[in-house]
Protein chains: 2
Amino acid sequence: MTRPRPEAPDRPARGRRRASHSLDAVLNATVELLDEAGEPALTLRALATRLGTGVGSIYWYVSGKDELIDRAIEHVLGGVLNEVEGQTGTGDPIDDLRVMAVTLFDAIADRPWLGARFMRNIDVQGNSLRLYEKLGQVALRLELTPLQRFHAVSAVVGVVASNGADMGQEPPQAVVDGSVTREEFFGHHAAAWRALDPEEYPFVHDIVDEFEGHDDREQFLAALELTLAGLRLEAGI
Amino acid sequence: MTRPRPEAPDRPARGRRRASHSLDAVLNATVELLDEAGEPALTLRALATRLGTGVGSIYWYVSGKDELIDRAIEHVLGGVLNEVEGQTGTGDPIDDLRVMAVTLFDAIADRPWLGARFMRNIDVQGNSLRLYEKLGQVALRLELTPLQRFHAVSAVVGVVASNGADMGQEPPQAVVDGSVTREEFFGHHAAAWRALDPEEYPFVHDIVDEFEGHDDREQFLAALELTLAGLRLEAGI
DNA sequence: AGCTTTATCGAACCTCGTTCTATCATGGAA
DNA sequence: TTCCATGATAGAACGAGGTTCGATAAAGCT
């Protein structure tokens with residue numbers, strides 16, 4: 001986690017006199033498109049159409065599609081940050097970490113496209129850095145060396161990102177046309193797994209039932225719990 | 001983790017009489033391109049040129065780029081599987097899990113492009129499933145419920161994938177032109193972090209030294225250790 | 001009134017994945 | 001041997017997408 005970005009020379013805050021579009025409008029429309037149909041739906045032409053403008057205009061606010069997405073992520077992360085800031089309890093640090101991690105995860109679950117890039121690049125200044133900091137401040141309350149703390153926070157972010165990224169890739173047809181439900185989709189594969197040789201695939205047979213009815217959130221919570229338990233042990237509390 | 005693929009109707013094994021190209025050749029060239037310059041370098045035209053053939057030919061072996069990459073991953077995962085199969089010790093299950101996870105991670109570190117898609121889609125039949133199974137067989141030696149086992153293996157895979165995916169996105173210019181070394185790159189951002197208000201960003205200041213000199217592998221090992229410690233606790237050993 | 005900066009627009013360009021059609025070799029059937 | 005189905009190849013053409021460019025207008029400044 002926490003790899004910085006090459007540099008994003010933020011445009012000088014110019015006075016938007018009669019701004020028909022402004023960066024905010026572009027970002028809002030971007031988020032709309034992403035929410036509605038995920039990353040593939042976000043094309044510059046579609047965005048321009050929605051904004052009632054030309055493609056070229058977008059390039060005045062943003063250097064390209066990459067920056068567009070990065071800025072959109074920062075945009076929605078602002079909301080998440082507010083949510084997280086409201087819940088910095090003063091109780092057990094591990095419990096606080098859990099609450100914050102779950103909040104992050106739920107935000108991603110709501111916007112699967114976030115999962116793909118989430119927290120992969122922490123800019124200097126920005127909401128992702130602030131989120132990282134907020135998480136870390138809880139870790140400051142643990143009796144750890146700075147290195148241990150760095151690793152601890154990275155690990156927690158990793159669990160969120162890893163399980164969150166998973167949500168970003170739902171089965172394609174199931175969503176588009178409703179021909180196959182999620183149950184059918186997983187059921188189909190579970191059946192294939194059950195058909196495997198039990199001698200050769202004992203583990204797959206052992207967990208196929210759990211796989212068939214598995215819930216992404218529970219899976220995330222379980223992974224988080226393991227990491228937090230290890231952390232509690234390391235901190236000796 | 002472990003989301004199955006929509007279905008890959010594997011082409012019937014036809015006799016390759018005087019096969020000038022064969023699926024293997026295509027896959028090898030694909031892996032070469034990916035190794036040399038990552039995913040963006042893999043275009044069908046570049047692949048065709050390297051094979052000394054036309055783009056259309058590739059489509060005879062593979063249904064499209066997606067399947068091409070999936071098959072390429074399966075291709076290299078075969079080697080990883082062999083490595084892993086040689087080291088299924090009979091000692092402490094947790095130790096065995098660690099060894100296998102580290103082997104997986106190192107394989108990804110060698111081929112950063114693997115990180116992005118690694119284990120995101122576990123096909124029915126295939127090396128990724130076999131790897132998953134191998135990991136799981138170790139977990140079978142732990143006193144856990146099937147659900148706990150399912151979550152445990154998913155968590156371990158998640159740690160590998162999450163930290164492995166991180167390697168898949170090194171700073172771009174640093175590799176292309178050697179104008180900026182890795183040290184300079186991280187040093188630059190560390191400096192920016194140090195310039196932040198210590199009151200507002202106490203955690204960032206606490207760990208900035210560790211960040212500046214951080215090592216991806218150590219970070220992965222630390223995260224893995226936390227998960228394994230939690231697992232050991234859960235299994236009561 | 002000029003001139004510069006800010007902002008907009010869409011045509012044109014280029015790359016890429018994919019499709020389509022033409023073509024050739026091979027191998028068995030007649 | 002001849003002929004056709006099949007295996008296999010090649011590359012032109014299509015369409016979608018990101019990005020560049022030049023033209024243009026509106027707003028501020030001198």
Side-chain angles (χ1 to χ4, degrees), chain A residues 6 8-30 33-34 36-73 113 116-117 172-173 176, chain B residues 6 8-30 33-34 36-73 113 116-117 172-173 176:
Chain A
D10 42 13
R11 197 171 299 286
R14 76 214 149 286
R16 47 187 73 99
R17 284 169 301 277
R18 199 182 47 86
S20 61
H21 282 138
S22 80
L23 181 58
D24 253 36
V26 173
L27 260 29
N28 284 329
T30 301
L33 280 174
L34 288 169
E36 284 165 21
E39 278 219 41
L42 178 65
T43 69
L44 293 180
R45 279 169 241 269
L47 182 57
T49 303
R50 171 156 309 206
L51 287 167
T53 173
V55 254
S57 306
I58 300 171
Y59 279 78
W60 194 87
Y61 293 101
V62 138
S63 71
K65 200 183 182 184
D66 259 18
E67 194 192 319
L68 178 67
I69 297 184
D70 283 344
R71 278 213 142 87
I73 290 180
W113 53 273
R117 298 210 186 196
Q173 341 63 330
V176 183
Chain B
D10 42 11
R11 196 173 299 285
R14 75 214 149 283
R16 48 186 74 101
R17 283 172 301 277
R18 198 181 47 86
S20 61
H21 281 139
S22 80
L23 181 59
D24 253 35
V26 172
L27 260 30
N28 283 330
T30 302
L33 279 174
L34 289 170
E36 285 166 20
E39 277 218 40
L42 178 65
T43 68
L44 292 180
R45 278 167 243 268
L47 182 56
T49 303
R50 170 155 311 204
L51 287 166
T53 173
V55 255
S57 306
I58 300 171
Y59 279 79
W60 195 88
Y61 293 100
V62 138
S63 71
K65 199 183 183 184
D66 261 16
E67 193 193 320
L68 178 67
I69 297 184
D70 283 344
R71 278 212 142 86
I73 290 179
W113 53 272
R117 296 210 186 196
Q173 340 66 328
V176 184

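As a basis for the values below, the full set of heavy atoms in this structure was taken, side chains included, without hydrogen atoms, waters or symmetry mates. Every chain is numbered from 1 and lettered A, B, ... according to where its sequence line falls, protein lines coming before strand lines.
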Nucleic acid footprint by protein, nucleotides 10-20 of chain C - heavy-atom cut-off 4.0 Å, B for base, S for sugar-phosphate alone
B-B---BBBB-
Using atom CG of A/Leu47 as one end and atom P of D/dA16 as the other, report the distance to the nearest whole Å.
18 Å
Roughly how far apart are A/Ile58 CD1 and A/Leu47 CG, rounded to 0.5 Å?
4.0 Å
Starting at atom CG of A/Leu68, determine the distance to atom C1' of D/dT19, rounded to an integer number of angstrom.
13 Å
Could you state the CD1-C1' distance from A/Ile69 to D/dG18, rounded to the nearest angstrom?
12 Å
Closest heavy-atom pair and its distance - A/Ile73, A/Trp113
CG1-CZ3, 4.0 Å
So which heavy atom on B/Leu27 is nearest to which on B/Leu68, and how close?
CD1-CD1, 4.2 Å
For A/Arg50, which residues count as a salt bridge (Lys or Arg N to Asp or Glu O under 4.0 Å) partner, sequence neighbours excluded?
A/Glu32, A/Glu36
Heavy-atom nearest pair, A/Tyr59 first then A/Leu44, reads OH-CD1, 3.1 Å
Heavy-atom closest contact (A/Val55 atom, A/Ala48 atom, distance)
N-CB, 3.7 Å
Between D/dG11 (P) and B/Ile58 (CD1): distance, integer Å:
12 Å
In this structure, how many angstroms lie between the C1' atom of C/dC24 and the CH2 atom of B/Trp60, rounded?
15 Å
